[in-house]
Protein chains: 2
Amino acid sequence: MPGYAGKMTSTRERIIQTGARLFWRQGFPGTGMKQIVAEADAPFGSVYHFFPGGKEALGAEAVRWSGGQYAALVDAAFADAATRTNDLATLVVDVFVAAGEAVRASEWADACPIATVALEMSSVSEPIRLACHDTFESWLAGLGARFAAHGVVEAAQRELAITFLTLLEGAFLLARTSRSVEPLHVAGTAMAASIRAVVTAT
Amino acid sequence: MPGYAGKMTSTRERIIQTGARLFWRQGFPGTGMKQIVAEADAPFGSVYHFFPGGKEALGAEAVRWSGGQYAALVDAAFADAATRTNDLATLVVDVFVAAGEAVRASEWADACPIATVALEMSSVSEPIRLACHDTFESWLAGLGARFAAHGVVEAAQRELAITFLTLLEGAFLLARTSRSVEPLHVAGTAMAASIRAVVTAT
DNA sequence: GTCTATAAACCGATAGAC
DNA sequence: GTCTATCGGTTTATAGAC
């Protein structure tokens, strides 16, 4: 579980990070407060001391924390792929393949850390929906900047970023249910096609 | 909620259809057996009479039922779009736009009927994961056949089908969290680019 | 097969001692 | 700020009358 191995400092941080990990794996309704404090090695009352808003407030905070962690992970994947190629279309194919290997390595359990919570809670909790929305938007901004660095014109940056995230999320879903990297590979090819379509048009 | 309005016959069918609707909206752990039987207007004991495997067995059955219903819905969307154009790339853009309007009309609540359950349960329940997997595969087969009817060569049919489903699922996720049809529109454009890339290559 | 009552465990949340 | 005990309600599942 890369990105979650950092040393845990305060009780509050330990609760957030443990919550983020459990919400990732089990979803929001599927994770109990009792399990969170138990695995965070914290007293039960602490969670309501630090999060007066209860489970909903903890969920929103955990989503935002996961978002920052995962952005760093994706950044690292891009940086690693950049050591092998400079062509953007080749680069994204490489990133999708790497994402597939990561999901396979987790035995098809760990893909996007917030997708499950987003689907479960977007029509139920406005604070959690907003946390997911803000997180996705921050990812899109990062992806757009990355495409810009590779010469993609400004008008196409956001569209390509949305295409990238959409393909990644959809492929994660199919990969987890099929226990196969095939959807990630196909998504990488599709992403390359979209990039080439934009580059050709300009 | 189109597709769920058919007359309900047996108690068993009523439980499956009500379960499917609630799992769609609230996810699997977020839906209680009590709520299902209450809304299905069935006695509580019936659910364990018809589903000795308990909630897990009902969940798998509900997923398979939803899969059939949704396939018919997507078929209808394609048929409707086909009254306006014969070009495959234009057709898929039309279908993605229509999907976006459907999600908007449900106030960003109803998108894919099984995606939430798939993410929640794929690493928890093997019967439910398999039901989701089989459902996705049946959708892919239907999409592949549709592309074949539009002249897509056999070697590219499955790849394009995966691209379509991946883009649709990812765009549904982003649309629900952002409350915007933008991801569906971008996904439609990306799908068109993939189709044109295949057609150009052959 | 239908339906009710209830078991046994768990849920989120709170009170209050320390 | 830490920790425990507990409340009231809910969960899945079962037992057993009809």
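Small disclaimer: the values here were computed from a predicted structure and weren't measured. By convention in this document, chain letters (A, B, ...) are assigned in the order of the sequence lines, proteins followed by strands, and residues within each chain are numbered from 1.
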Task: 4.5 Å side-chain heavy-atom contact, B:Arg146 and B:Asp75 - done: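 Result yes, sub-4.5 Å side-chain heavy-atom pair found.
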Whole-Å gap separating [atom2] ([N]) and [atom1] ([X]):
X       : N      : atom1 : atom2 : result
A:His49 : D:dT4  : NE2   : P     : 16 Å
A:Asp41 : D:dT2  : CG    : P     : 12 Å
B:Glu56 : D:dT11 : CD    : P     : 19 Å
B:Phe44 : C:dA7  : CZ    : P     : 15 Å
A:Lys55 : C:dC10 : NZ    : C1'   : 12 Å
B:Gln35 : C:dC11 : CD    : P     : 19 Å
A:Ile15 : C:dA13 : CD1   : P     : 14 Å
B:Met33 : C:dA9  : CE    : C1'   : 16 Å

TODO: Would you mind checking if A:Arg14 and A:Asp41 are paired as a salt bridge, meaning a charged N to carboxylate O distance below 4.0 Å?
DONE: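 A:Arg14 and A:Asp41: not salt-bridged.
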- [ ] Could you give me the CA-CA distance, side-chain angles and deciding distance for B:Ile36 and B:Val47, then say whether side chain to side chain contact (heavy atoms under 4.5 Å, CB included) is met?
- [x] CA-CA 9 Å; B:Ile36 294 173; B:Val47 73; 5.6 Å; no
Task: Touch class at under 4.0 angstrom, heavy-atom based, for A:Phe51 against every strand present - done: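 No contact.
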- [ ] Tell me what B:Gly45 touches on the nucleic acid: a base, only sugar-phosphate, or nothing, going by heavy atoms under 4.0 Å.
- [x] base
Task: side-chain contact (heavy atoms from CB on, under 4.5 Å) partner of A:Thr31, chosen from A:Leu22, A:Leu58, A:Val117 - done: A:Leu22
Open item on the list: Between A:Tyr48 and C:dT14, is there a contact of a side-chain N or O with OP1 or OP2 at under 4.0 Å?
Closed with: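 Answer no for this pair, as no side-chain N or O of A:Tyr48 is under 4.0 Å from OP1 or OP2.
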Open item on the list: Can you tell me if A:Thr11 touches the phosphate of D:dT2, counting only side-chain N or O atoms and a distance under 4.0 Å to OP1 or OP2?
Closed with: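 Checking A:Thr11 against D:dT2: at least one side-chain N or O falls below 4.0 Å of OP1 or OP2.
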TODO: Map A:Lys34 and A:Phe50 onto DNA chain D by nearest heavy atom, then report which one ends up closer to the 5' terminus.
DONE: A:Phe50
